[in-house]
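As a basis for the values below, the full set of heavy atoms in this structure was taken, side chains included, without hydrogen atoms, waters or symmetry mates. Atoms within each ligand, like the ligands themselves, are counted from 1 in listed order.
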Amino acid sequence: MRINDNFEKLPESYLFSEVARRLNEYKAAHPEADVVRMDIGDVTLPIAGCVVSAMHRAVEDMADATTFHGYGPEQGYSFLRDAIAAADYQSRGIGIDADEIFISDGAKSDLGNLGDIYSSDSIVAVADPGYPVYVDSAVMSGRGGDRLPDGRWSRIVYLECNAENGFRPAVPDVHADIVILCSPSNPTGAVMTREDLREWVDYALREKSLIIFDSAYEAFVRNPSLPRSIYEIEGAEKVAIEIRSFSKTAGFTGLRCGYTVVPKALTGTDASGREVSLGKLWNRRQCTKFNGAGYVVQRGAEALYSSEGRESVRNNIDYYLENAGIIRRSLSQAGYAVFGGEDSPYVWIKGKNGESSWQLFGDMLEKYNISCTPGVGFGVSGDGYIRLTGFNSRENTLKAMKRICDGREK
Ligand code: PLP
């Protein structure tokens, strides 16, 4: 058989595997080193008690023929879709209905799978730097074109994010069919303003583009003047799909649950120019290729909408935001230019002397025994930066930052 040649175009390793490889190499050479993992995008706090209880009850349901749940609805159980529509949208004055919400097994799958419903020759625009899944999925599905010498792809539109534009992608002067926006951003921690999103929605209405709005970190937004959903912008329901996740909000990275909003007003055009509902296409795709997220996990997610669940989410996020604040303050004190880390768990740091990202990665590891993520792994424009995360424990965060503030080597 012939393979999908697009896979061969991709560089060998996924960013985080390369970080792990270099880290393991260092640890093997320095077994005594107490390396603090500030590179991780994974959370450290356990699942809330109310979620655990809800899942225990759901497991009991499975043990009894009268309450057993087999295949569930591909779109997700209505108990969870209703709770999301009411709490995450309607209570905030956004008119999203439960039947516009599709429960997923996490944001990553849907970010990759959405490519099934738009044309294979679509031009995709992404922020640079950005979450690598957007570009890699576009390449796998043949939408990348050729790999250029600088590591970019010939058919992808890069929305350059830098200190000058506050790491917030601006609308380009070229057409893109699909625009993938992430706010708060992984990796820069930048949060797009309402005015930014207004410009993007206007662009999409004008260009007849689809915006995929990845708001996996929306729960970290505490500044009330910043938007948490793209549907806060009038007209966005005609141009945007929103993707969310319980992973970072509630410690679901190992449980796997999230959701994707495809509004009924959202349409694309077919070859004859006829308007077609994207919700119908997505539903068709899910019914064919997805058999729904697990019942037990969805019961766990439902518990997040109880008063105890909401409090636990708030507390978790406070904890990670405080860690990010500690990182921000410490690195600033140590003389680094620091971005993000407010309304986001990610802190984005520029090298002091124009070092490359991998040089900075090596320095952090060797001088302070701190592992970070090199910014260049998120795109060419990320070079010269590293990303640290607030997801470690308070103890480890303080320990790592003390090493940097003291200028202590190891
Ligand atoms: N989107 C962004 C921006 C992320 O950073 C991540 C995970 O790190 C995801 C999506 C994937 O999240 P999930 O665990 O829901 O698949």
Side-chain angles (χ1 to χ4, degrees), residues 14-17 19-20 37-45 47 51 76 80 84 88 101-115 124 126-138 159 161 167-169 178-192 211-221 228-230 240-261 290 293-294 297-298 300-301 304 313 316-317 320 324 340-341 343-348 372-373 375 377-379 382 387-392:
Y14 181 61
L15 166 66
F16 300 101
S17 332
V19 168
R37 297 287 304 266
M38 308 292 285
D39 59 298
I40 49 166
D42 202 352
V43 289
T44 47
L45 293 172
I47 301 295
V51 173
L80 182 55
I84 291 168
D88 291 348
I101 290 165
F102 295 81
I103 307 301
S104 68
D105 60 0
K108 199 186 214 180
S109 322
D110 280 9
L111 283 165
N113 293 332
L114 273 169
V124 177
V126 295
D128 179 4
Y131 184 48
V133 170
Y134 311 143
V135 169
D136 287 5
S137 316
L159 310 165
C161 295
F167 298 99
R168 294 172 357 244
I178 311 294
V179 178
I180 309 177
L181 300 176
C182 178
S183 178
S185 156
N186 177 9
T188 67
V191 186
M192 297 175 79
I211 296 174
I212 297 175
F213 189 69
D214 181 351
S215 61
Y217 299 96
E218 60 79 31
F220 289 79
V221 175
R228 291 175 63 165
S229 165
I230 195 162
I241 288 176
E242 182 159 283
I243 296 192
R244 289 192 178 180
S245 169
F246 297 111
S247 283
K248 309 300 164 75
T249 311
F252 272 52
T253 50
L255 288 175
R256 312 303 308 144
C257 196
Y259 63 89
T260 292
V261 183
F290 184 57
V297 171
Q298 289 191 65
L304 294 169
V313 167
N316 274 12
I317 294 194
Y320 296 133
D343 301 296
S344 163
Y346 294 120
V347 186
W348 186 241
C372 61
T373 311
F378 298 96
R387 188 197 74 176
L388 295 183
T389 89
F391 287 128
N392 213 316

- Message: Evaluate Ala107 for polar contact with ligand 1, using N/O atom pairs at a separation under 3.5 Å.
- Response: yes
- Query: Tell me: protein heavy atom nearest atom 14 (O) of ligand 1, and distance?
  - Reply: Ser247 OG, 2.6 Å
- Query: Taking the side chain as C-beta and beyond, is there a heavy-atom pair between Lys248 and Phe391 under 4.5 Å?
  - Reply: yes
- Mind checking whether Thr253 has an N or O less than 3.5 Å away from an N or O of ligand 1? no
- Closest non-hydrogen atoms of Tyr346 and Pro187, given as atom of the first, atom of the second and distance, are CB-O, 3.6 Å
- Message: Any nitrogen or oxygen of Tyr346 lying under 3.5 Å from a nitrogen or oxygen in ligand 1? Just yes or no.
- Response: no
- Message: Can you tell me which portion of Tyr217 lies within the under-4.0 Å heavy-atom range of ligand 1? Options are side chain, backbone, both, or neither.
- Response: side chain
- How far is atom 16 (O) of ligand 1 from its nearest protein heavy atom, and which residue and atom name does that atom have? Arg256 NH2, 2.7 Å
- Message: So is Phe252 touching ligand 1 or not, going by heavy atoms under 4.0 Å?
- Response: no
- Should one rank Asp214, Asn186, Val43 by closest heavy-atom distance to atom 2 (C) of ligand 1, which comes out on top? Asp214
- Message: Let me confirm one number: the CD1-CG distance from Ile180 to Asp214, rounded to the nearest 0.5 Å.
- Response: 9.0 Å
- Message: Suppose we measure from atom 11 (C) of ligand 1 to each protein heavy atom; which comes out shortest, and what is that distance?
- Response: Tyr131 OH, 3.4 Å
- Item | Polar proximity ligand 1 side, Ser109 side, N/O cut 3.5 Å exclusive | no
- Message: So, regarding Tyr134 and ligand 1 (criterion: nitrogen or oxygen to nitrogen or oxygen, under 3.5 Å), is there a contact or not?
- Response: no
- For atom 8 (O) of ligand 1, what is the nearest protein heavy atom, given as residue, atom name and distance? Lys248 NZ, 2.8 Å
